[in-house]
Every structure is written in structure tokens, then in C-alpha cells.
Amino acid sequence: MAMVEIQDTKTVKGPDTGNMNDFGEAIRAALNLLITFDSDLMEIVGLSLHVSLAAIFIASIIGLPLGAAIALFRFPGRRFFSVLLNALMGLPPVVVGLIVYLSLSRSGPFGVFGLLYSPTAMIIAQVVLVTPIIAALTRQVIEDLWMEYKDQLLSLGANPVSALPTLLWDGRFSLVTAILAGFGRASAEVGAVMIVGGNIDHMTRVMTTAIALEVSKGDLALALGLGIILLCLSLGVNGAVYAVKEAAIRRHA
Amino acid sequence: MKSPTPILPLKLEDVSFEAGGKRLIKDLHCTFDAEPRSVIIGPNGAGKSLFLKICHGLIPPHTGHVQWNDANERSVRLNQAMMLQRPVMLRRSVSANIHYPLKLRKIPKSERNTLVEDALTQAGIARLRDHPARVLSIGEQQKLALARVWALKPQVLFLDEPTASLDPAATHAVEEIIRAIHAQGTKIIMTTHDLAQAKRIADEILFMFRGRLLERAPAASFFEKPENDLAQAFVKGELLWWRLGKAHRKNTDKQANT
């Protein structure tokens, strides 16, 4: 936003028309990129999806059982864990990026793997960012579900350990929302992937880092165009998941 | 699930339970043997559901013991079943709901399939086997809940108001299923506040009032003439029986103090 204002003061045009022109140009740029199947754009979109989906997949594998375990098991420090998870939901991406950067850099503990400035590093950073969100939301969902199911499951012969997969499965519709929240955060954040990925063209450039780059270069139309595509992508994913979820809920009540 | 040791008789000694400073179950002593169908009756808030849950092991009593004949806790747990007042259906198909507790008991798949098919047929819901359980009507859900416990072939089955919100036809169907389960050798312990139902099903009656077990008698003689004055009032359907209750409680409290 700050850049937009600077741009406006530089040009002679009034701020309103300037914005209108920017948006018009942005939409034109976006359409242009889409219609021509711009190969650079496709590469960026592809990498964005690859990184964020892989991160969500790994974060779900860790976060879902972790959240459910905190909901179901009684162990010392359980409350502390719940509070910690909730606090970690708000982790600033740049801080996560910095921590992952330090641990992956040559002198860091995982430096030997040489992962810095690779898509893998970006996935790792997003996993760190997203796992707490999925775990915290899962904990809430499973805790509520356990209230409803506890007597029934125990009566049928389950214990908290065997109830864990049951509840994850029966809470699947609500948990999809938790995973979507994680996907939203992963695909929207720029700070972490910028630091550990480095926004290298054809290597680690994703939608958000590309937008940040175009903004700093002053090509606001292209930046906005990319922004619109990112928005549509996120809308598309959410819409598709929502439709699937609704259909499934209608079937299972 | 073929347990060599019978888990019955079940013995309750001095069982009490309190919540929020209120004693909801008071000094319960009783024994349940394998054969007769025991029906627990009493007004709302008498502690019937709580009593069943304590027997079933869902709620630990504050004082006293719940003692089964079999010392093996796991075998005791897996050889009994309970139909809750509001059974929870898992978000999966009807047959998967019956499979679930069998899987927990690690019964091999082939054996499981026969048990599930049997239970579905016996409960009269075979045509619904692939339906999602949560969209069934209340009556069908109740039948499914019965089929689910039936497939377990438990030695003891607790039923908490199994027909509370059913119409006469569904009530009849559910009672038939209960009868069939009993005929297969399962001990029935159930609660109801429907006296007609108690008369139809019970071999023996346990009358509960305000957390106490006030009378226990064979069904025939209980309905002929209950000994306890509160039970008399309850059976006659006197609406003001709870006034008697106050006097009764004062009396027992006095006795307890002296």
C-alpha cells in the first residue's frame, strides 16, 4: 500500500484515477498472463502450490494426531501445551524464516544437508508455521467431539488411544476447515519463504515472493495481476474443498 | 469373546456417588445374577442412569466397590455392553457402526462379517446396511444401537431407557429385540419409567428413589403389592407421591442421625 501512495505522488494524475488505472492495468496484466499461459507464471504458480501443498500435507500428518493427543490424553503439562499451541498459531513468518534459516545455513545444525535456498527449505519453514495452526484447531475439534462420544466409545470398548483415529475420522468435516486455515496461511505468507528460499528465479520464486519483488521493482500492475491470480487460486481451492465437504456432510449428516 | 469365566454375578457394595456436593447415589448394596431380566424403575432423577453407568464402569463410584465375578478387568469390560439413553452413531455406514466395536475386540474379518449380518437381520435393519448411520430416524438409530450391542454377544447388557422417545410400533420392535437378546443368554439390566413396559419385560423389579434402592422384588409380586409406600404410590400413579418422598427422606435422615 505504501508503494502505491508513493507512486501516486510521483505521477501528476489524481490518486483516484491512478488507482483505477492501476487496477485496470493489473486485471489486464493478469488476464494477459493467464491467456498466454505465460511459462514463467505457470512455473511460479506450480512451485507455490507444490511448496504449500507439501507443507500442508506434512503439517497435517504431524498436527492432526498431535492436536488429538493433547485433547484426549491426560499428562502433566497438557494445559501448557494447549496454551503454547494457541500462542504458536500467531508465529510471525519472518521469525520462523529466520530460525529455519539459521538451522539450515552452512554453520547451522542442519547445514550439512545444503538445503538453504531450495524448495525443501521453504516447505520446512511452512511446516513450522502451519503445524501449530492445524494442531491447535484439531485439539479444539477433538475435545468437543470427545465430550459427545466419550461414554459411547468407552462403552463399546475403546480407550483414549484407540479413540484417537476414530475421532479424527468422525471429525473429518470440521478438520478439513482446520487444514484449509493452514493452507491459507501457508500460501499467503511471504516472510518465511523469502528468507529461506531467497526468491531465486526458476528456483525458489513463488507467488508471494514474486509479488513482493514486482512491488519493489515498481511494476505494480504485474504485482497486482499476480495478486489476483493468487486470490483466485486460494478461492478455487477453498471453493472446491467446501463443495466436497458440503456434499459429504449432506450424505452423513 | 468366548469367555470361559462368567463375569456375573455383579456385586455392588456400599456404592455412593456425589456431584456438586449432592449425593446422587446413596449406599447401594445389591447383587445381579445371570438369569432374570432386571428392570430398574423410579421417577426422573432417582439415579437410574447413573446407577447403570456405575455398574458399566463408565463412572467410578466415590465410595464402595463394583465387583464382578471375573477378576480380569479387560475381559469384564469387553463382555458387557450398554445402550446409552442417547446412543451416539459414528459418522459412517450402518454396518460400519456394528463393525467398529468388533474391530476393537480384534475379531477376524470373516467372523465379523457373519456377526454383523446376523445382527442386521435380527434387528430388522438389513436393508439399511449401507446408509449413513446419522441420517436414520430415531427408531432406526435405536435398532442400530441394539444391533451394535447384539453383535458383541455380551454376557450383560445394560439398557438405559431404550424406548424413551419411540412410538408404540418402534417400542414393540425394540422390546422384541431385547427379548431375543435375552433368549440368547444375555443378562438384561434396564431402566425405564414406563410401568407397562416394566410389566412386559421384567422378571424382577428394582425401585429407586432419590439415589436409594428402596425395594427389590420379583416382578409379579411387586406389581401385585409393592411393600414400600413410595413404590405403592409410584405404581398406582399417584401424582403427589413426591410429598410422601419428603416425609420419607426426613424419616430416613432421622434414622441415620440416631
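Order of the sequence lines fixes the chain letters, A, B, ..., with proteins taken first and strands second; residue numbering starts at 1 for each chain. Hydrogens, waters and symmetry mates play no part in the numbers below; they use all other heavy atoms, side chains included.
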More than 12 non-hydrogen atoms from neighbouring residues, nucleotides or ligands closer than 6.0 Å to [atom1] on [X], yes or no?
| X | atom1 | answer |
| --- | --- | --- |
| B:Phe17 | CZ | yes |
| A:Phe80 | CZ | no |
| B:Gln184 | CD | yes |

(message) Between B:Arg74 and chain A, with a heavy-atom cut-off of 4.5 Å, which part of the residue counts as in contact: side chain, backbone, both or neither?
(response) neither
(message) At a 4.5 Å cut-off on heavy atoms, which part of B:Met83 comes close to chain A: side chain, backbone, both, or neither?
(response) neither
Please name the pair of heavy atoms, one in [X] and one in [Y], separated by the smallest distance, quoted to 0.1 Å.
| X | Y | result |
| --- | --- | --- |
| B:Tyr100 | A:Ser162 | OH-O, 4.1 Å |
| B:Pro101 | A:Leu156 | CB-O, 3.7 Å |
| A:Ser155 | B:His56 | OG-NE2, 2.8 Å |
| A:Asp170 | B:Arg91 | OD2-N, 2.6 Å |

(request) Could you tell me the separation between the CG atom of A:Asn159 and the CZ atom of B:Arg77, rounded to the nearest 0.5 Å? (result) 6.0 Å
(request) Could you grab the distance from atom NZ of A:Lys150 to atom CG of B:Leu58, nearest 0.5 Å is fine? (result) 9.5 Å
(message) With a 4.5 Å cut-off on side-chain heavy atoms, are B:Arg86 and A:Glu148 touching?
(response) no
(request) May I ask you to test the A:Tyr149-B:Leu90 pair for a side-chain heavy-atom distance under 4.5 Å? (result) yes
(request) Determine the option with the most heavy-atom pairs under 4.5 angstrom with chain A, choosing from B:Val149, B:Val88, B:Ile59, B:Leu84. (result) B:Val88
(request) Sort A:Leu145 into side chain, backbone, both or neither according to what part of it lies under 4.5 angstrom from a heavy atom of chain B. (result) side chain
(request) I would like to know whether B:Met82 and A:Leu154 meet side chain to side chain contact (heavy atoms under 4.5 Å, CB included); could you show each step before the answer? (result) CA-CA 10 Å; B:Met82 176 162 176; A:Leu154 293 182; over 6 Å; no
